[in-house]
Amino acid sequence: MYPLVQSTTFKYEDPDLVADIFDLKADGHMYSRISNPTVANFEEKIAYLEGGVGAVAVSSGQSAVLLAILNICKSGDNIISVSSLYGGTYNLFNITLRSFGIETKFVSNNDDKEYILSLVDENTKAIYGETIGNPGLDILDFKKLSEIAKKGDIPFIVDNTVASPYLCNPINFGANIVIHSTSKYIDGHAVALGGIVIDCGNFNWDNGKYPLLSDGDVSCHDIKYVEEFRKSAYITKLRASLLRDLGSTMSPFNPFLSNLGLETLHLRMKKHSQNALVLAKYLENHEKVSWVNYPYLESREDYKKVKTYLKGGSGILTFGIKGGINEAKTFIKSLKLVDLAIHLGFNKTSVLHPASTTHSQLSNEDKIKCGVSLEMIRVSVGIENIDDLINDFDIALKEI
Ligand SMILES: *Cc1c(COP(=O)(O)O)cnc(C)c1O
């Protein structure tokens, strides 16, 4: 059972206990901005699924990405990131974090190791990528990036949203921090927004580069997170300072709902992956389709690498319709079972034209960097009966 504790506050019998909770000397909930039993249950479950030592759930995936970076970076610092990213993350790194004085050096998954390593300077605090780039669907080169992270003595942060903890555990491939937008597959029903940051507990923050973690925090009784909390220094600091100060907390009702999703994650991810593979193969053979991209297609040149990192291809595929933007729109309008929706990673199949929606704010050049071509249609394949899905695609493609 997984009760919903909607309360913002809690009562205690012992004043000393409250003092200790405040001083981070005792475990306990003090105020739901900082922690809450229902949220904590969700955090513990996902930390366990990812093999981490702890997690903090926040109001959205965007907030998870932001807090994961702010926890170790201040103005003047920089990070290195693969450029094939979720559009919101690309903007956050390229525009908003830059305005905070935190620079992102973008690289491609294919750039060589020495080149990326040459970008690491004394202010470089992390290297960042997505397991399955959204929507370019390139697979993160875990081996190369984790080696760079080790050599540069910086943490490797991985957004594992599109794979979900069922298809991939980045900790097994060198990740130090893992992020999810729980709004996607973890929730799975498109009913609750959320994000989570998981600390893998496997990075040495005491290497002199992370004073925010190793030196005293003046806002929190001069606590030294590394000394006091060891393996969970990073995640403790994220909660005790950032969640406290920025307040982008997950509301308890959201993990209550998303936990229902979590209980069927293994079944859904299997079905999403099966359906998407069948649909991708069908599209590959369709005369009106010029190209198809799906991680588990054998025609992909990196297919072997994909299989080492992912237990299945997940539910996102992209394809190009012969012609261009008008043909793409005719196709989308002609679908009956499949919806036009912005979201991804839920039970029902939906399609989207990224160039005019999720990535429309980017220049054409930046769209290409993010893996978005103008004719591309993105499909978030759901768990419906596959024959019904193919039938719907068939009819809509005939309308072109
Ligand atoms: C959706 C998404 C995000 C942002 O998550 P929200 O919950 O929508 O804020 C971040 N990363 C990836 C890969 C996503 O798909």
Side-chain angles (χ1 to χ4, degrees), residues 24 33-34 54-56 58-83 85 88-107 116-129 145 148-159 175-179 195-249:
L24 305 182
R33 172 160 27 86
I34 293 155
V56 169
V58 291
S59 55
S60 68
Q62 279 300 114
S63 176
V65 178
L66 174 66
L67 266 54
I69 302 296
L70 289 186
N71 205 36
I72 46 175
C73 289
K74 55 178 175 25
S75 174
D77 289 339
N78 67 73
I79 62 167
I80 294 171
S81 175
V82 174
S83 62
L85 291 171
T89 303
Y90 187 81
N91 262 326
L92 171 66
F93 288 178
N94 197 36
I95 310 289
T96 304
L97 281 186
R98 238 179 256 289
S99 78
F100 291 180
I102 297 168
E103 187 202 349
T104 299
K105 300 173 182 177
F106 288 107
V107 297
I116 301 178
L117 206 49
S118 77
L119 299 177
V120 178
D121 61 32
E122 71 271 28
N123 296 320
T124 304
K125 297 297 161 86
I127 186 157
Y128 188 97
L145 295 193
I148 294 165
K150 277 219 175 70
K151 276 210 161 159
D153 212 3
I154 52 176
F156 180 24
I157 307 181
V158 178
D159 180 336
N176 306 109
I177 306 294
V178 176
I179 291 167
I196 195 159
V197 182
I198 301 121
D199 185 348
C200 298
N202 55 0
F203 186 80
N204 172 28
W205 303 106
D206 215 5
N207 62 2
K209 283 189 170 186
Y210 299 93
L212 293 173
L213 289 166
S214 56
D215 297 358
D217 179 349
V218 288
S219 80
C220 201
H221 310 294
D222 257 336
I223 200 157
K224 292 181 173 141
Y225 296 102
V226 172
E227 202 175 291
E228 290 283 330
F229 297 99
R230 303 273 161 192
K231 278 185 185 304
S232 32
Y234 174 94
I235 206 69
T236 306
K237 190 230 168 211
L238 195 148
R239 183 187 305 282
S241 74
L242 291 186
L243 207 54
R244 179 199 62 193
D245 295 351
L246 302 180
S248 55
T249 305

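These numbers were taken from a predicted model, which means no experiment stands behind them.
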Pairwise distance [atom1]([X]) to [atom2]([Y]) - rounded to 0.5 angstrom:
| X | Y | atom1 | atom2 | value |
| --- | --- | --- | --- | --- |
| Ser248 | Leu242 | OG | CG | 8.5 Å |
| Ser219 | Arg244 | OG | CZ | 3.5 Å |
| Ile157 | Lys125 | CD1 | NZ | 12.0 Å |
| Ile154 | Asp121 | CD1 | CG | 9.5 Å |
| Phe100 | Ile95 | CZ | CD1 | 12.5 Å |

Flag side-chain contact, heavy atom, 4.5 Å: [X] against [Y]:
| X | Y | result |
| --- | --- | --- |
| Leu67 | Val56 | no |
| Ile102 | Lys74 | no |
| Leu243 | Val58 | yes |
| Thr124 | Lys105 | yes |
| Ile116 | Leu145 | yes |
| Leu70 | Leu97 | yes |

Please report the shortest heavy-atom distance between [X] and [Y], naming the atom on each side.
| X | Y | result |
| --- | --- | --- |
| Arg33 | Thr249 | O-OG1, 2.7 Å |
| Cys73 | Leu212 | N-CD1, 4.0 Å |
| Leu213 | Ala233 | CD2-O, 3.8 Å |
| Asp77 | Ile72 | OD2-O, 3.9 Å |
| Ala68 | Ile179 | CB-CD1, 3.6 Å |
| Leu24 | Cys220 | CD1-SG, 4.0 Å |

So, the side chain of [X] versus the backbone of [Y]: is there a donor-acceptor pair under 3.5 Å, distance only?
| X | Y | answer |
| --- | --- | --- |
| Asp153 | Asn207 | no |
| Arg98 | Thr104 | yes |
| Arg239 | Ala55 | yes |
| Ser232 | Ile235 | no |

**Asked** Got a sec, which pairs hit salt bridge (charged side-chain N to carboxylate O under 4.0 Å, His left out) with one end in residues 199-217, sequence neighbours left out?
**Response**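 For residues 199-217, and leaving out neighbouring residues, there are no salt bridge (charged side-chain N to carboxylate O under 4.0 Å, His left out) pairs at all.
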**Complete:** Contacts of Lys237 meeting salt bridge (charged side-chain N to carboxylate O under 4.0 Å, His left out) (sequence neighbours excluded), chain-then-number -> none
**Message:** Tyr128 and side-chain contact (heavy atoms from CB on, under 4.5 Å): which single residue from Val158, Ile69, Ile177 fits?
**Reply:** Ile69
**Message:** As a quick check of understanding, evaluate side-chain contact (heavy atoms from CB on, under 4.5 Å) for Tyr234 and Asn176, giving each step before the final call.
**Reply:** CA-CA 10 Å; Tyr234 174 94; Asn176 306 109; over 6 Å; no
**Item:** Pairs satisfying ring pair (Phe, Tyr, Trp, His ring centres under 6.0 Å), at least one member in residues 207-228, at least two apart
**Value:**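 As it turns out, the ring pair (Phe, Tyr, Trp, His ring centres under 6.0 Å) pairs with a partner in residues 207-228, which skip direct neighbours, are Phe203-Tyr210, Trp205-Tyr210.
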